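Each chain gets a letter, A, B and so on, in the order its sequence line appears, and its residues count up from 1. None of the values given here were measured: they were computed from a predicted structure.
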Protein chains: 4
Amino acid sequence: MQVQKDDVRNKIIAAATEEFLNAGYQQSSMRNIAAQAGITVGNVYAYFGGKDALFESIISPVWQSLNRLISIPVDTQDLMTLPTLNQITDLITETFLENRPQFLILMNKSAGSPYKNARAELSAMISGRLSRDILPQCDPLLADAMAGAILEGIFTVFNHYGGDGSRLRTLISELLGLLLGSIPCKYPPKHE
Amino acid sequence: MQVQKDDVRNKIIAAATEEFLNAGYQQSSMRNIAAQAGITVGNVYAYFGGKDALFESIISPVWQSLNRLISIPVDTQDLMTLPTLNQITDLITETFLENRPQFLILMNKSAGSPYKNARAELSAMISGRLSRDILPQCDPLLADAMAGAILEGIFTVFNHYGGDGSRLRTLISELLGLLLGSIPCKYPPKHE
Amino acid sequence: MQVQKDDVRNKIIAAATEEFLNAGYQQSSMRNIAAQAGITVGNVYAYFGGKDALFESIISPVWQSLNRLISIPVDTQDLMTLPTLNQITDLITETFLENRPQFLILMNKSAGSPYKNARAELSAMISGRLSRDILPQCDPLLADAMAGAILEGIFTVFNHYGGDGSRLRTLISELLGLLLGSIPCKYPPKHE
Amino acid sequence: MQVQKDDVRNKIIAAATEEFLNAGYQQSSMRNIAAQAGITVGNVYAYFGGKDALFESIISPVWQSLNRLISIPVDTQDLMTLPTLNQITDLITETFLENRPQFLILMNKSAGSPYKNARAELSAMISGRLSRDILPQCDPLLADAMAGAILEGIFTVFNHYGGDGSRLRTLISELLGLLLGSIPCKYPPKHE
DNA sequence: AATGAATGAGCATTCATTCAT
DNA sequence: GATGAATGAATGCTCATTCAT
């Protein structure tokens, strides 16, 4: 019974993940998901409670991972110097590699969902780091813009990249080198 | 009569612009727009013909401006060296300054609309420029990522910036300096 | 002023006649009619009062003509023997020749209009004649069917025939010969 | 459950058949049908998918039967002499007897529907037969008119006749005798 | 646990008609 | 007399959600 239940759960999760990834949260239909999973609508509700909760079930693990990043207070006193941005993007990349579709849904297809602000929060966290450690005198708006740019760059690579992890990590690293290499001292370009 | 007609037109445009900006094209409702404009649904249709056409009325001017950029063939032979990217972002900034909400709708809220690909087209154009003039040996995916990053950075500033044009231009210029300053020779950082 | 008024009237009549003939009463739109006439919707209402009344204005003359036929009581005592059916169809043909589009509208495109029963009434009248004079012992239902058949036959010719009156009269006459030639004595086939 | 489901299906079919028969395809409203069936609009869509499909569900069986007639090529070489017209009308009568309201809807109330040309196609087929076998030298227009007349006559009987099949067959036979009895040799009047 | 029928509010759109100007 | 903006109810259709079985 338990086996069967997990089987159904997994089918729903798989179908919903595909639907959310293809159509986005708002344009996804519970009917489609149920049909794709080969079960009935009512049963999707029995398992997950609703569209929001189903989305949450899928996205929550990725969100937990990212939240560990996001929830680190930026004004902490421990020395958080330059390498951290690399660590952050590494962590993001790891999270992506572990849950590609979920990650892409969360970052690009969550409009209208309970997680609609996820990307903004991640961006805000990165912006905080930039302000504190890399661009200290910088206009906060510029830090936000840099954070958004970095994320968008990374996600563009994520979106179009289908290969394995190591090449991906190189790409992301190169990208960061390009995006941040000009910042004096603190982020020396890797390839010079 | 004419005055009143323009008044209603403007009310509809204002209401629709706000609705599109808040909710995005797909989630905007003609009923809401009509109610917000203080008129009946049928009258919105009398003025604009439909949701698509209403959206088009609002977005078309901005799109015309941007299209001039997008439609420049990237593989042209005339010398198109580095300064061009600055020119591009200047033009984008001017377009934004002339029609702020419309610009933001077109770039961030047009999912599902006839203009849904606008941002991607603009990004592709910038990516083409980068590949050709700034990052010639670069992986095309990296050029796409850089283009996306630059656009996202600029749009983030646009989104949060409420002041006048001159300060904005400075911000965008600083942003580009940060994003591209590391690229050897061709894009010397402005602030050193 | 009077001249102008008639001019407008005529334009509306012409536009409406075409619209009714093409689209039928129900599917015709006051907007289309006004646009086709080159005037405004409100003015159509000023001249004719509404869709029903406009239809009535166009159809009424034809209807008057036909009504003279229809309103002759079938149970009158004067001898109304066989030739009468020919007279009836002659009159119908004359009415058609004088007002082709109006006639076709009334007979084929008046569904949903105040004249929706016109054809049925005409048919009932012919049926009455048939019962009384041509098919006296016949089942009333059969008389109805014959009346309907005769009318449909005639209208089919009307619908597809674009030429002049004399050829049309010949066609109708031949048609009646075919349809009624078998009825003994009273309707001798013309061509034998 | 299954019983109930069929029950609802039948209620919808019954309500829709009545609505289509009374108001015609175009003027029928899904809301009316749902209300008449005692269920909600959405449920009608759940069962039948849409107005067209609902109409199709009702009309399709009758259309299949008639289509067997219509699709017989007229220019075939096998001997197709006079009795065939009788066979055709017999088949039409059988089809009507099996599905009375559906037949009447298809022939008289299908304007605007996917089956709007059904009657014209049937008429054209009969016209072809008449031209080929019964009225060989005849003006094609006259053959069309005769075909239309025959159909209209038959349908008039169908419309007003509520009794059983045998009486109906007699009526149709008599009607054809009247309509075609004059045609020399080939269609000898039955009643002489 | 599973079904899937049923709900009802929502959507974009159309159109005959009215009426202030 | 003429305008055309405005109305508002109607239409076909969708979909997240509920609930009796």
Side-chain angles (χ1 to χ4, degrees), chain A residues 1-2 4-5 7-9 26-35 38-54, chain B residues 1-9 12 26-34 37-54, chain C residues 1-2 4-5 8-9 26-35 39-54, chain D residues 1-9 12 26-34 37-54:
Chain A
M1 185 66 81
Q2 187 62 28
Q4 213 182 35
K5 218 180 134 180
D7 181 47
V8 171
R9 263 191 90 87
Q26 305 223 51
Q27 298 304 305
S28 291
S29 134
M30 295 296 273
R31 273 172 166 71
N32 281 355
I33 291 168
I39 62 157
T40 57
V41 206
N43 218 15
V44 178
Y45 279 83
Y47 273 85
F48 293 96
K51 201 182 180 184
D52 278 16
L54 173 56
Chain B
M1 182 69 83
Q2 189 60 32
V3 170
Q4 225 193 29
K5 204 188 152 186
D6 278 356
D7 183 45
V8 171
R9 237 193 119 80
I12 298 174
Q26 301 220 57
Q27 297 306 306
S28 292
S29 131
M30 295 297 273
R31 279 168 166 78
N32 280 355
I33 292 168
I39 60 164
T40 55
V41 207
N43 214 17
V44 179
Y45 281 84
Y47 275 85
F48 293 96
K51 201 181 180 184
D52 276 19
L54 173 56
Chain C
M1 188 64 83
Q2 187 62 27
Q4 212 183 36
K5 220 181 129 178
V8 171
R9 264 192 89 88
Q26 305 222 51
Q27 298 303 305
S28 291
S29 135
M30 295 297 273
R31 272 169 165 72
N32 281 355
I33 291 169
I39 63 157
T40 57
V41 205
N43 217 14
V44 178
Y45 279 82
Y47 274 86
F48 293 95
K51 201 182 180 183
D52 278 16
L54 173 56
Chain D
M1 181 69 81
Q2 189 61 29
V3 170
Q4 226 191 28
K5 204 190 154 184
D6 279 355
D7 183 44
V8 171
R9 234 193 122 81
I12 298 173
Q26 301 220 56
Q27 296 306 306
S28 292
S29 131
M30 294 297 273
R31 275 168 169 77
N32 279 355
I33 292 169
I39 60 163
T40 54
V41 205
N43 213 18
V44 179
Y45 281 85
Y47 275 84
F48 291 96
K51 200 183 182 183
D52 276 19
L54 174 55

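As a whole-Å value, the separation of D:R31 CZ from F:dG12 P is 7 Å. Distance CD (C:Q26) to C1' (E:dT14): 15 Å, rounded to an integer number of Å. Remark: P of E:dT13 and CD1 of B:I33 are 10 Å apart, rounded to the nearest angstrom. E:dT13 atom P lies 19 Å from atom NZ of D:K51, rounded to whole Å. Distance OH (A:Y47) to C1' (F:dA16): 20 Å, rounded to an integer number of Å. When rounded to the nearest whole Å, the span between CG of B:D7 and P of E:dT21 equals 14 Å. Whole-Å rounding puts the A:R9 CZ to E:dA1 P distance at 12 Å. Atom CE of A:M30 and atom C1' of E:dA5 are 17 Å apart (whole Å).
Checking C:Q26 against D:Q26 by side-chain atom types alone, no donor-acceptor pair falls below 3.5 Å.
For the pair C:Y45 and F:dA2, the criterion of a side-chain N or O lying under 4.0 Å from OP1 or OP2 is not met.
When the nearest nucleotides of DNA chain F are assigned to D:G42 and C:I39 by heavy-atom distance, the more 5′-ward of the two goes with C:I39. Of the residues near DNA chain F, B:A46 and A:D52, the one whose nearest nucleotide (by heavy atom distance) lies more toward the 5' end is B:A46. Where C:N43 and B:N32 meet DNA chain E, the nucleotide closest to each residue was compared, and B:N32 sits on the side nearer the 5' end. Take the nearest nucleotide of DNA chain E for B:Q27 and for B:G49: the residue whose nucleotide is more 5' is B:Q27.
Expressed to the nearest 0.5 Å, how far CD1 of B:I12 lies from CD1 of B:I39 amounts to 3.5 Å.
Here the side chain of B:S29 is nearest to one of E:dA16, E:dA12, F:dA6, namely E:dA12.
Residue A:T40 is in base contact, counting any heavy-atom pair closer than 4.0 Å across all strands shown.
Helical stems of DNA chain E (runs of at least 3 Watson-Crick or G-U pairs, donor-acceptor distances under 3.5 Å) are listed by first residue: E:2-21 with F:2-21.
The minimum heavy-atom distance linking C:G50 with C:Y45 is given by the pair CA-CE2, 3.6 Å.
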